[in-house]
J.: 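Let me begin by handing over the structure; questions about it come next.
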Amino acid sequence: MRKIRAIYIGDVRFDQCPVFELNMKTNYFEMLIDKEMRYEKECVEEDDDFLVFIVENDIATLIVE
(Lines give C-alpha, C1' and ligand atoms only; values in the text may rest on other atoms or scores of the structure.)
Protein backbone atom coordinates (compact mmCIF):
# COMPACT_ATOMS: atom_id res chain seq x y z
CA MET A 1 0.00 0.00 0.00
CA ARG A 2 1.31 3.43 -0.99
CA LYS A 3 1.39 6.14 1.68
CA ILE A 4 2.42 9.78 1.60
CA ARG A 5 4.14 10.87 4.78
CA ALA A 6 5.89 13.98 6.02
CA ILE A 7 8.18 15.10 8.81
CA TYR A 8 8.96 18.59 10.00
CA ILE A 9 12.73 19.00 9.86
CA GLY A 10 12.83 21.12 13.03
CA ASP A 11 11.59 18.11 15.00
CA VAL A 12 14.75 16.08 14.38
CA ARG A 13 16.39 17.98 17.25
CA PHE A 14 14.27 16.04 19.71
CA ASP A 15 14.36 12.40 20.86
CA GLN A 16 11.24 11.60 18.87
CA CYS A 17 10.16 12.93 15.50
CA PRO A 18 6.42 12.94 14.75
CA VAL A 19 5.39 11.50 11.40
CA PHE A 20 2.40 12.83 9.50
CA GLU A 21 0.43 10.81 6.95
CA LEU A 22 -1.80 12.22 4.24
CA ASN A 23 -5.44 11.27 4.73
CA MET A 24 -6.76 11.22 1.14
CA LYS A 25 -10.36 11.59 2.32
CA THR A 26 -9.83 14.79 4.30
CA ASN A 27 -6.79 16.12 2.40
CA TYR A 28 -4.94 16.70 5.68
CA PHE A 29 -1.60 15.39 6.92
CA GLU A 30 -2.41 13.82 10.30
CA MET A 31 0.13 12.96 12.98
CA LEU A 32 0.25 9.17 13.30
CA ILE A 33 0.22 9.17 17.11
CA ASP A 34 -2.30 12.01 17.52
CA LYS A 35 -4.83 12.37 14.68
CA GLU A 36 -6.08 15.67 16.14
CA MET A 37 -2.74 17.27 15.21
CA ARG A 38 -2.98 17.91 11.49
CA TYR A 39 -2.05 20.29 8.68
CA GLU A 40 -3.75 21.02 5.37
CA LYS A 41 -2.07 19.26 2.46
CA GLU A 42 -1.24 22.54 0.71
CA CYS A 43 0.40 23.98 3.84
CA VAL A 44 2.75 21.01 4.13
CA GLU A 45 3.57 20.94 0.42
CA GLU A 46 4.35 24.69 0.34
CA ASP A 47 6.45 24.72 3.53
CA ASP A 48 10.16 24.12 2.85
CA ASP A 49 10.57 22.88 6.44
CA PHE A 50 8.54 19.73 5.72
CA LEU A 51 10.06 16.75 3.96
CA VAL A 52 7.46 14.69 2.09
CA PHE A 53 7.97 11.03 1.20
CA ILE A 54 6.19 8.32 -0.74
CA VAL A 55 6.34 5.10 1.27
CA GLU A 56 5.69 1.86 -0.59
CA ASN A 57 6.80 -1.67 0.29
CA ASP A 58 8.79 -0.31 3.26
CA ILE A 59 10.83 1.95 0.95
CA ALA A 60 10.67 5.71 1.56
CA THR A 61 11.40 8.00 -1.38
CA LEU A 62 11.81 11.72 -0.84
CA ILE A 63 9.63 13.86 -3.09
CA VAL A 64 11.79 16.65 -4.50
CA GLU A 65 10.17 19.52 -6.33
Side-chain angles (χ1 to χ4, degrees):
M1 177 179 205
R2 180 179 171 177
K3 303 170 188 169
I4 299 178
R5 292 188 169 174
I7 59 171
Y8 183 73
I9 58 175
D11 287 339
V12 299
R13 299 172 291 152
F14 304 106
D15 292 340
Q16 295 183 350
C17 183
V19 176
F20 296 83
E21 185 169 299
L22 179 61
N23 180 327
M24 299 289 199
K25 293 178 184 174
T26 64
N27 228 24
Y28 277 84
F29 277 91
E30 300 171 341
M31 186 186 296
L32 292 177
I33 60 172
D34 181 2
K35 301 285 188 208
E36 291 185 24
M37 181 64 181
R38 62 188 188 155
Y39 297 100
E40 289 182 359
K41 179 180 182 247
E42 293 80 21
C43 291
V44 171
E45 292 175 337
E46 294 173 3
D47 189 334
D48 291 337
D49 290 332
F50 272 98
L51 300 175
V52 181
F53 299 85
I54 294 174
V55 180
E56 192 168 14
N57 298 325
D58 289 334
I59 297 172
T61 305
L62 178 64
I63 297 173
V64 180
E65 294 185 19

J.: Using 0.5 Å steps for rounding, measure from the CE atom of M24 to the CZ atom of R2.
T.: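 If I round to the nearest 0.5 Å, the distance is 7.0 Å.
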
J.: According to a hydrophobic-cluster definition based on side-chain heavy atoms being under 4.5 Å apart (Ile, Leu, Val, Met, Phe, Trp, Tyr only), do I9 and V64 belong together?
T.: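 Yes, same cluster.
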
J.: Going hydrophobic residue to hydrophobic residue with side-chain gaps under 4.5 angstrom, can you get from L32 over to V52?
T.: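 No, separate clusters.
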
J.: Taking a hydrophobic cluster as the set of Ile, Leu, Val, Met, Phe, Trp and Tyr residues connected by side-chain heavy atoms closer than 4.5 Å, whether directly or through intermediates, do L62 and I4 fall within one such cluster?
T.: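 In one cluster: no.
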
J.: Checking side-chain contact (heavy atoms from CB on, under 4.5 Å) for the pair E21/V55: CA distance, chi angles, key distance, verdict?
T.: CA-CA 10 Å; E21 185 169 299; V55 180; over 6 Å; no

J.: Report whether Y28 and I63 are members of the same hydrophobic cluster (ILVMFWY, side-chain heavy atoms less than 4.5 Å apart, transitive linking).
T.: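 No, no single cluster joins them.
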
J.: About how many Å separate CD of E30 and CE of M37, when rounded to the nearest 0.5 Å?
T.: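 The CE atom of M37 sits 12.0 Å away from the CD atom of E30.
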
J.: Counting only heavy atoms not in E42, do more than 12 fall under 6.0 Å of its CD?
T.: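 Atom CD in E42 is packed in, count exceeds 12.
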
J.: Give a yes or no on whether the ring-centroid distance for F50 and F29 is below 6.0 angstrom.
T.: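 Centroid distance F50-F29: not below 6.0 Å, so no.
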
J.: To check you understand the geometry: which heavy-atom pair defines the closest contact between M31 and F20, and what is its length?
T.: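 Here M31 and F20 meet closest at N-CD2, 3.4 Å.
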
J.: Could you tell me which non-hydrogen atom of Y8 sits nearest to which non-hydrogen atom of C17, and how far apart they are?
T.: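 It is O-SG, 4.4 Å.
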
J.: Kindly say whether I59 contributes a backbone atom to a donor-acceptor pair with the side chain of N57 at under 3.5 angstrom?
T.: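 Flag not set: sc N57 to bb I59 has no pair under 3.5 Å.
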
J.: Rounded to the nearest 0.5 Å, what separation is found between the CZ atom of R38 and the CG atom of N23?
T.: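 The CG atom of N23 is 8.5 Å from CZ of R38, to the nearest 0.5 Å.
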
J.: Identify whether I54 and V19 are in the same connected component of the hydrophobic contact network (ILVMFWY, side-chain heavy atoms under 4.5 Å).
T.: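 In one cluster: no.
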
J.: How long is the gap from NZ on K41 to OG1 on T26, to the nearest 0.5 Å?
T.: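 Taking NZ in K41 and OG1 in T26, the distance rounds to 11.5 Å.
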
